Amino acid sequence: MTELRIRAAMPEDLDAVLAFWKVAAEGTSISDDREGVERLVGRDPRALMLAERGGELVGTVIAGFDGWRCHLYRLAVHPEHRRQGVASALLAAAEERFVRLGGRRADAMVLRRNATAHHAWGAAGYVAEEQWRRWVKPLTG
C-alpha cells in the first residue's frame with residue numbers, strides 16, 4: 001500500500017476538497033462552499049489538513065485553533081479507504097498541531113446520527129460529553 005501523506009490544503013485544492021466532502025462526509029454545513037473554505041484557508045492556512053495516498057485525496061480534517069480552544073471539523077475519509085488508518089493519521093497530525101500552538105483540549109463536532117463516526121472518534125480516545133448541547137444561530141440569510 002502506498003504511503004499516506006498529510007499536508008495542509010492549498011487554494012488550488014479547494015474544488016477537489018468540496019467535491020470530496022460530497023462523497024466522503026456525512027451531512028453538510030453552512031460553510032461548505034468555495035467562499036467559506038477560501039476564508040478558512042486564507043485566515044489559517046494550516047487548518048485544513050489533507051491525507052493523500054498516491055496523489056489521491058483520501059481524507060480531510062479541519063483543525064482550527066482560536067487561541068483558546070482546539071476544534072475539529074470535517075474528519076472525512078473516502079469510503080474505499082476507511083479502516084486503513086487514515087482518520088487516525090489525520091487526528092494525530094491535528095493533535096500535534098494543537099500542541100505546538102499551545103492547545104490544551106480538542107473537541108469535535110459529530111452528528112448524533114453518524115454512528116460510523118462515533119466508533120472512529122471513540123477509537124481515537126474521544127468521548128461524548130452528554131451534558132453539553134450545541135446552540136447555533138446562522139448569521140446569514
Side-chain angles (χ1 to χ4, degrees), residues 1-140:
M1 183 172 294
T2 309
E3 184 178 333
L4 190 66
R5 177 179 173 228
I6 307 291
R7 67 173 179 86
M10 305 297 289
E12 58 269 19
D13 296 315
L14 303 188
D15 289 331
V17 168
L18 289 165
F20 177 81
W21 285 343
K22 289 180 180 176
V23 173
E26 178 74 24
T28 58
S29 164
I30 195 169
S31 299
D32 286 355
D33 59 22
R34 176 82 188 195
E35 183 181 350
V37 181
E38 280 178 343
R39 191 170 26 260
L40 168 70
V41 172
R43 183 182 179 286
D44 186 350
R46 314 270 324 146
L48 176 54
M49 304 173 94
L50 308 181
E52 296 175 324
R53 184 169 275 144
E56 176 187 359
L57 179 59
V58 298
T60 66
V61 70
I62 297 172
F65 181 62
D66 61 12
W68 180 258
R69 293 207 173 107
C70 307
H71 299 288
L72 294 160
Y73 303 94
R74 280 292 179 232
L75 176 63
V77 176
H78 191 281
E80 294 176 7
H81 293 270
R82 291 182 181 156
R83 304 202 51 81
Q84 297 175 23
V86 176
S88 296
L90 282 163
L91 288 176
E95 291 165 3
E96 288 171 15
R97 169 181 158 76
F98 291 150
V99 169
R100 278 193 315 273
L101 294 172
R104 297 180 181 175
R105 178 182 68 191
D107 64 50
M109 301 294 300
V110 184
L111 291 172
R112 284 183 189 223
R113 70 175 187 260
N114 192 347
T116 301
H118 298 177
H119 295 294
W121 285 103
Y126 290 77
V127 295
E129 290 187 328
E130 298 299 330
Q131 72 271 28
W132 301 105
R133 177 160 310 266
R134 181 173 174 229
W135 293 55
V136 300
K137 177 183 177 183
L139 301 176
T140 58

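Both backbone and side-chain heavy atoms feed into the values below; hydrogens, waters and symmetry mates do not. None of these values were measured; they are calculated from a predicted model.
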Looking at [X], I'd like to know if its [atom1] atom is crowded, meaning that more than 12 non-hydrogen atoms belonging to other residues, nucleotides or ligands lie closer than 6.0 Å.
{"X": "E129", "atom1": "CD", "result": "yes"}
{"X": "R69", "atom1": "CZ", "result": "no"}
{"X": "E35", "atom1": "CD", "result": "no"}

Could you list the donor-acceptor pairs under 3.5 angstrom formed between side-chain atoms of residues 42-51 and any protein atom two or more places apart in sequence or on another chain?
{"residue": "D44", "atom": "OD1", "partner": "R46", "partner atom": "N", "Å": "3.4"}
{"residue": "D44", "atom": "OD1", "partner": "R97", "partner atom": "NH2", "Å": "3.0"}
{"residue": "D44", "atom": "OD2", "partner": "R97", "partner atom": "NH2", "Å": "2.4"}

Heavy-atom side-chain contact between [X] and [Y] under 4.5 Å:
{"X": "V61", "Y": "R74", "value": "no"}
{"X": "H78", "Y": "V23", "value": "yes"}
{"X": "H71", "Y": "F65", "value": "no"}
{"X": "H81", "Y": "R53", "value": "yes"}
{"X": "E26", "Y": "R113", "value": "yes"}
{"X": "V58", "Y": "E52", "value": "no"}
{"X": "L18", "Y": "D33", "value": "no"}
{"X": "Y126", "Y": "D107", "value": "no"}

For this session: Enter the distance from R100:CZ to E95:CD here, rounded to the nearest 0.5 Å.
Result: 12.0 Å
For this session: State the OG1-CG distance between T116 and N114, to the nearest 0.5 angstrom.
Result: 5.5 Å
Exercise. Do NZ/NE/NH1/NH2 and the carboxylate oxygens of D32 and K22 come within less than 4.0 Å?
Worked result: no
Of the non-hydrogen atoms in [X] and [Y], which two are nearest, and what is the gap between them?
{"X": "L91", "Y": "A124", "value": "CD1-CB, 3.6 Å"}
{"X": "G54", "Y": "T2", "value": "N-CG2, 3.5 Å"}
{"X": "C70", "Y": "G103", "value": "SG-CA, 3.5 Å"}
{"X": "L57", "Y": "A16", "value": "CD2-O, 4.0 Å"}
{"X": "G64", "Y": "F98", "value": "O-CE2, 3.6 Å"}
{"X": "L72", "Y": "A94", "value": "CD2-CB, 3.6 Å"}

For this session: Go through the steps to decide whether V37 and W21 satisfy the test side-chain contact (heavy atoms from CB on, under 4.5 Å), and finish with yes or no.
Result: CA-CA 12 Å; V37 181; W21 285 343; 3.8 Å; yes
Problem set entry | side-chain contact (heavy atoms from CB on, under 4.5 Å) partner of I62, the single match among L40, L75, V41, V17 | L40
For this session: Determine, step by step, whether L101 and V99 satisfy the side-chain contact (heavy atoms from CB on, under 4.5 Å) criterion, reporting the C-alpha distance in whole Å, the side-chain angles of both residues, the deciding distance to 0.1 Å, and the verdict.
Result: CA-CA 5 Å; L101 294 172; V99 169; over 6 Å; no
